J.: 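Pasting a structure below so you can have a look.
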Amino acid sequence: MIEKETTQFKPSLKLMDATMLVAGSMIGSGIFIVSADITRNVGSSGWLLVVWLITGFMTLTAALSYGELSAMFPKAGGQYIYLKEAYNPLISFLYGWSFFTVIQTATIAAVGVAFAKFTAYLVPKLSEDLVAVDLGFFTISPAQLLAIGVIILLTYINSRGVNGGKVIQTTFTVAKLLSLFGLIVFGLFFLDKGIWKSNWENMWALGPLSADGNIGSYTTFAAFGAIAAAMVGSIFSSDSWHNVTFIAGEIKNPARNIGLSLALGTIIVTVLYILANVMYTGVLSLHDIAYADKDRVAVSAANHIFGTAGTFIIAIMIMVSTFGCNNGLIMAGARVYYSMAKDGLFFKKVGTLNKNAVPGFGLWIQCIFACLWCISGKYGDLLDMISFVVVMFYMLTIFGIYILRRKRPHADRPYKAFGYPVLPIIYIVMGLAFCILLIIFKPKFTWPGLIITLIGIPVYYLIKGNIARQDLSVKDAVDTNG
């Protein structure tokens, strides 16, 4: 039987659903892990919180700025559309290209494998250290196979319509918000006063924390580089908040609800992240945070709070968290490729909706690419390198507000960026400083992601050239027949 296609998205998501998509896409496994690397870089509890506060400020400022753009262009594609309207099709294509090749698909793979890794706490046969398939030139672990299975399952559910994905997203996000809040409350209740006092006695020391517990020192300029390097983890943990803009065509009253959901979702998650790190410093020494086994800070904290059961409690929490996070990533990502296809910059079939009013072909293309990243095992390395590219496109998008205010001064703006023009420019300055410092101090975090983005330039012109040749062929055929 041939599947019928529809031509329009169905607005099915309410404000609650959109807010849960924002929060659920942000909270994956990062908050349970990345504080270890941050602490190794900055060496003190005060600077640990400063890194999270800076990231939270940048995230909230960006979200409030995106509210204006989402109200102006309430349609599928989100950031891709904003960049096209403010700049040109090349800039928006480079974003879409980076989004498909690495940003979204590698993130889906990494979150899927994180789900599998923590499932292995409950089912050891699914460990990443075991071999399920040996092809000689490379092996595949049970964890990778489980990750692929979860990605395929969530893709299938989302291909059946937005309502199935919506139920999963809201249910799992509420569950993980409550469980993370519960962990924080229990942690603060069982706070160790001795550890707390020790961690906060020298709260503004700034230097690398060594394995023997000593804090080194930085030159003034190197200190900024260390903070930027530390923020790689916190920015990754706070990313994907803008996924809700990609599905604008499926949100009821998008001009109002997208901006509001961005604000509510990012505020909720930022507050929880900061409180979680306060809790960490109350139950673990800085050394135990920095050098937790495999950086699993939350596992160490839960073991302190709940004893041996803590490992299983955190494993279940992260399974819930990553499952819901991946659902949001998978649901939203295909809408970007849909918009690219509508512009003739992706496979034509991706620009169609299936009988369930979702871009089914785009979902399955995304699934295949994410599964390939799972098999490659290189997604983790790539994710460390995309923070630079992600922030770069955030800056370009936010600067687009200034461009559009000038280009389209009389355009309808149901919502205007909070704090404009001051807050958006503060974000741009902070983002620019972050990117420059990474280029100087952590080039391995910048060049690979930048190179992948720049490869998109010749790809764009190849596609445009092919479109031009097709148009010319059609014109010649018409002229000949005429």
Side-chain angles (χ1 to χ4, degrees), residues 77-110 138 232 235-236 239-240 242-243 246 329 332-351 361-397 399-400 431-432 434-436 438-440 442-470:
Q79 190 169 353
Y80 171 81
I81 300 295
Y82 311 154
L83 289 167
K84 182 175 69 173
E85 296 290 344
Y87 298 94
N88 54 58
L90 173 60
I91 298 297
S92 61
F93 174 80
L94 291 179
Y95 171 72
W97 163 263
S98 304
F99 187 82
F100 176 72
T101 54
V102 180
I103 295 173
Q104 197 78 347
T105 50
T107 301
I108 290 169
F138 76 96
V232 168
I235 284 177
F236 171 66
D239 195 26
S240 299
H242 61 311
N243 273 352
F246 303 149
L329 294 171
R335 276 64 176 176
V336 176
Y337 323 135
Y338 169 87
S339 296
M340 293 174 69
K342 285 295 186 184
D343 291 337
L345 298 173
F346 210 90
F347 301 114
K348 184 178 180 180
K349 182 70 173 174
V350 176
F361 194 75
L363 282 163
W364 287 111
I365 288 286
Q366 175 182 256
C367 174
I368 291 168
F369 217 78
C371 290
L372 289 174
W373 278 130
C374 285
I375 294 171
S376 77
K378 299 298 181 184
Y379 46 82
D381 296 336
L382 284 163
L383 290 176
D384 285 339
M385 299 167 187
I386 64 172
S387 292
F388 172 85
V389 176
V390 167
V391 172
M392 181 179 69
F393 279 115
Y394 283 160
M395 287 190 296
L396 283 171
T397 306
F399 189 71
L432 189 60
F434 170 78
C435 290
I436 291 172
L438 280 189
I439 289 172
I440 296 170
K442 296 287 183 178
K444 69 177 183 178
F445 286 128
T446 57
W447 290 113
L450 188 58
I451 289 169
I452 289 170
T453 302
L454 294 177
I455 288 172
I457 295 176
V459 173
Y460 172 80
Y461 284 108
L462 283 171
I463 293 172
K464 294 295 287 184
N466 186 53
I467 292 172
R469 285 190 295 273
Q470 289 177 355

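Since the model is a prediction, treat every value here as computed from it, not as a measurement.
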J.: Report the relative orientation of the aromatic rings in F99 and Y337; use parallel for angles under 30°, tilted for 30 to 60°, perpendicular for over 60°.
T.: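 Judged by the thresholds at 30° and 60°, the geometry between F99 and Y337 is tilted.
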
J.: Any chance you could measure I455, atom CD1, to L94, atom CG, to the nearest 0.5 Å?
T.: 11.0 Å

J.: If you define the side chain from C-beta out and look only at heavy atoms, does anything of Y87 sit under 4.5 Å from F399?
T.: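 They are in contact (side-chain heavy atoms under 4.5 Å apart), so the answer is yes.
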
J.: Quick one, M395 with C435, criterion side chain to side chain contact (heavy atoms under 4.5 Å, CB included). Give me CA distance, side-chain angles, the key distance, then yes/no.
T.: CA-CA 10 Å; M395 287 190 296; C435 290; 3.9 Å; yes

J.: Say whether, by atom type as modelled, one donor and one acceptor occur between the side chain of W373 and the main chain of T101 under 3.5 angstrom.
T.: yes

J.: Which distance, rounded to the nearest 0.5 Å, do you find between the CZ of R335 and the CD1 of I81?
T.: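 It is 14.0 Å, given to the nearest 0.5 Å.
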
J.: Any idea which heavy atoms bring I463 and G344 closest together, and the distance?
T.: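 Closest approach of I463 to G344: CG2-O, 3.5 Å.
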
J.: Could you go through M340 and V350, starting from their C-alpha distance and side-chain angles, then the distance that decides it, and tell me whether this counts as side chain to side chain contact (heavy atoms under 4.5 Å, CB included)?
T.: CA-CA 8 Å; M340 293 174 69; V350 176; over 6 Å; no

J.: Determine whether V336 and Q104 make a side-chain contact, defined as any pair of heavy atoms from C-beta on separated by less than 4.5 Å.
T.: no

J.: Is a side-chain N or O of Y95 found less than 3.5 angstrom from the main chain of T397, in a donor-acceptor match?
T.: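 Not a single qualifying donor-acceptor pair exists.
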
J.: Backbone N or O of F246 within a donor-acceptor pair of the N243 side chain at under 3.5 Å?
T.: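 Between the backbone of F246 and the side chain of N243 there is no qualifying donor-acceptor contact (under 3.5 Å).
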
J.: When the ring planes of Y460 and F93 are compared, do they come out parallel, tilted or perpendicular, using 30° and 60° as the limits?
T.: tilted

J.: How about F346 and F100: are their ring centroids closer than 6.0 Å?
T.: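 Yes, ring centres under 6.0 Å apart.
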
J.: Using every non-hydrogen atom in the two residues, find where A109 and A370 come nearest and quote the distance to one decimal.
T.: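 It is CB-O, 3.5 Å.
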
J.: Testing T453, I439, V232 one by one against F388 for a side chain to side chain contact (heavy atoms under 4.5 Å, CB included), which residue passes?
T.: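 Answer to the side chain to side chain contact (heavy atoms under 4.5 Å, CB included) test with F388 among T453, I439, V232: I439.
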
J.: If every non-hydrogen atom of I386 is compared with every non-hydrogen atom of I103, which pair is closest and at what distance?
T.: CD1-CA, 4.0 Å

J.: Between F369 and I365, is the side chain to side chain contact (heavy atoms under 4.5 Å, CB included) condition met? List the steps.
T.: CA-CA 6 Å; F369 217 78; I365 288 286; 5.8 Å; no

J.: Are the side chains of P89 and D343 in contact, using a 4.5 Å heavy-atom criterion?
T.: no

J.: I375 vs F138, test: side chain to side chain contact (heavy atoms under 4.5 Å, CB included). Steps then yes/no.
T.: CA-CA 9 Å; I375 294 171; F138 76 96; 3.3 Å; yes

